[in-house]
Each structure stands twice: as structure tokens, then as C-alpha cells.
Amino acid sequence: MSKDFIPAARPIIGDEERAAVDAVLVSGMLAQGSEVAAFEQEFSQVLLDGRHAVAVNSGTSGLHLGLLAAGIGPGDEVIVPSFTFAATANSVALTGATPVFADIEPEHYCLDPEAVAAAVTPRTKAIMPVHLYGHPANMDALGALAAEKSLLLFEDAAQAHGASLGGRRVGTFGEFAMFSLYPTKNMTSGEGGMVSTGSDEVARRLKLLRNQGMERQYENELVGFNARMTNLHAAIGRVQLGKVGGWTEQRRANAAFLDANLAGVGTPQVADGAVHVYHQYTVRIGAGERDRFAAALKDEYNIGSGVYYPIPNHRLPSFNIAADLPVTEAAAAEVLSLPVHPSLDAEDLDRIATAVNALAKAGA
Ligand SMILES: *Cc1c(COP(=O)(O)O)cnc(C)c1O
């Protein structure tokens, strides 16, 4: 095995990010300050059509504070997918509310509006879909359901910077939405999260909650956290924000190549009117074959891949909730995410297609 390893993900940090961090270090203004304010302003313009953007120290903090700012708390139920990263349901549980798990659509792996409708109870306060892998959830149907049942609609957009549905950007549908800035996401600040909202009041509460309940120094209005982003992280994020559009085009081009050249595995489907930003390029491998397939991809072809996510949230030891989610269970057993990141070159993409097709043929 002589060829270089192709990793499943690769954060891209260049000279500009390093220079931006150095400038903050030289300034001595390390904590939340003018870099964070500029990052919020620019993120709002580039990705949110001018909506409020409030920066925090992680995506998980963003979900947690967003839920609190929207008034979610003990006694409430929030409907979430089980097929997602644990932070989605964790953030609901951390408010004292109960996450209620609903099944997903088999084509796009996002919440199924019919399953959500069936999960509504008198205690349901909100629906929080995840735009999983960078594909927008079915916001038209979920929005109609939320309006009909007087529920709030939130968005876990951790993986979906720049995705859209019907020409409308994700992050502009919900009462609030969260974008993660973790290193493997489509853009990074090192660690960090950005919360968007169209509500002046939610934006104000988010800013209070992230900073000990203070708008004016030492006049704390409520009990809050220290969930502030630092100027160092914001400086990285600002540089990456200028690059994420180009990276997204590269991800989409890489995905188009794989769509056209893979055979024998189920390739990703895109809903009508959706712009998928391919945080992951996720294929389906026949039942029982997936783990062997991933191991062979690594051992025989030196190509990394990932399973997002092998254990649905409702079955994690941290939740362990009985739920009948057949589409979620099938996805957890069959999905495999192949490299699609913008650092891949034509030879890498060719190697991936050749390897996947050979393994699919051998398994058939
Ligand atoms: C990454 C991620 C989060 C959490 O973001 P962090 O920045 O890692 O805290 C939440 N939800 C989903 C779907 C994610 O992928």
C-alpha cells in the first residue's frame, strides 16, 4: 500500500489564519471583543441575509443558549431526530426539557414531518430538525406543522453553512438556528458556534446568557454562563468565512464527480429546490456489509471514511429511551461517509471511485 492516506476530513488552516491569530495576540485583546463583533457582522451578511448572529464558544453552547433564549425549560418537550450527533438532544435535556425522538426520511436522513406530527403531545413546545450532512431538512412541511400546532421551529444547522431550500438559506427559517465551527465542519474557528435569530428579543437574551447575564458590566440581569467566543477564535473564523463559499463549490463538485462515477452503492439524494453543501458525502451499503466495506477501504486502499452515526441517540447509554424508529435504525446500520472535503484532488477522487466500485462489485 504505497499511496498516501486520504482522510475522511481535513481542516484547512493557511497563512492568513495564522497571521490573523498573531495580530490578535499582538493586540493583547484576547477575550470577546472587536474581532467577535466583526465576525458576527460578517457571518450575518455572508450566510444569513442580515439576520442577527451571536457568537458563542461551541455549537453545543449555541443550541443550549438558543433553547433557553427561546423559553424552553422543564416540562416542555422538543421533537428532535435520533439520527444525529448527541449534542442535538443533549442541549434539550440540559435545559430540563425532554427530547422526544422522531424518525427520519430515508432519502435525506432529516426529520420526517409525518413522524413529527405523530409525536406531538400537549407538552410539545418546539421542533428542532437537523440539516444532516449539509442537506436541508424539509422546512416547508415542518414549518406548516409548527404553524398549525402553534409550536416553535428551531434549526440545528451545525453541518449546513450555506445550504438552502427554495432559495432560502438554512438558518433563516427557525426562531433560532445554530452553526458549529468545530474543526471538521465546513468552516471552523477552532471551536465555536454561531447562533442566528430573526428576533431582537432572542438575540438580546442570547447575548445575556453567554456573558453571565450582563449587558452592562456588573449589572447582571439574569443567571447566565460564560459561553463567550474569544477574539483569537473569531479571527480564524473571519478568514474562513471568506473561503467557505469556494470550499462549498469544491465540495459540490467533488460530490458531483462521485455521483457520476460510483456504482453499486446508494448515492446521496437531493430534494427538489435544495442546495446540499456536502458536509458529508454519505452512501448506503447493503445491510451487514458496511463495516467490512469501511475496513477494506482503509486496509486495501488507504482511504478513510466515517459512520455518522452508528448508535441512534435514543439507544445511547446517556438516553436509553424506548422508541420505534425503523428508518433511523436502518440508516445507522447502512450509512458510510466518504471523503468529499475540498482538499481532494482529481487523483484522490479517482482512487475513491475505483476503490468503492471494486469493493461494491466484490461484495455483490
Ligand atoms: C458538530 C455538531 C453539533 C455540536 O457542535 P460543537 O461545535 O461540536 O459543539 C451539534 N449538532 C450537530 C448535528 C453537529 O454535527
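Reckoned from all heavy atoms, side chains included, excluding hydrogens, waters and symmetry mates. Atoms within a ligand are numbered from 1 in the order they appear, just like the ligands themselves.
For ligand 1, the polar-atom distance check finds an N/O of S180 within less than 3.5 Å of one of the ligand's N/O atoms. Checking only distances, A87 never comes within under 3.5 Å of ligand 1, N or O to N or O.
With hydrogens left out, the protein atom closest to atom 4 (C) of ligand 1 is T60 OG1, 3.5 Å, a heavy atom. For atom 12 (C) of ligand 1, the nearest protein heavy atom (residue, atom name, distance) is A158 CB, 3.4 Å. With respect to atom 15 (O) of ligand 1, the closest heavy atom belonging to the protein is Q159 NE2, 2.8 Å. Nearest protein heavy-atom neighbour of atom 1 (C) of ligand 1: K185 NZ, 1.5 Å. Of all protein heavy atoms, the one lying nearest to atom 11 (N) of ligand 1 is D156 OD2, 2.8 Å.
Look at R351 and E347 and you find no salt bridge, because none of the NZ, NE, NH1 or NH2 atoms lies under 4.0 Å from a carboxylate O. No salt bridge links E221 with R216; every basic N to acidic carboxylate O contact stays at or beyond 4.0 Å. Ionic pairing of R228 and E40 is not present here: no N-O contact between side-chain nitrogen and carboxylate oxygen is shorter than 4.0 angstrom.
The same ILVMFWY cluster, assembled from side-chain heavy atoms under 4.5 Å apart, contains both L68 and F154.
Other residues, nucleotides and ligands contribute more than 12 heavy atoms inside 6.0 Å of the OH atom of Y308.
In this structure, S61 does not count as a contact residue of ligand 1, since none of its heavy atoms falls inside 4.0 Å of the ligand. At least one heavy atom of M178 lies less than 4.0 angstrom from ligand 1.
The closest heavy-atom contact to atom 8 (O) of ligand 1, among the options F179, Y182, Y308, Y133, comes from Y182.
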Apply side-chain hydrogen bond (donor to acceptor under 3.5 Å, both in side chains) to residues S337 and T282 and explain how you reach the verdict. CA-CA 4 Å; S337 295; T282 302; 2.8 Å; yes
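Classified by interplanar angle (parallel below 30°, tilted 30° to 60°, perpendicular above 60°), the ring pair F83/Y109 is tilted.
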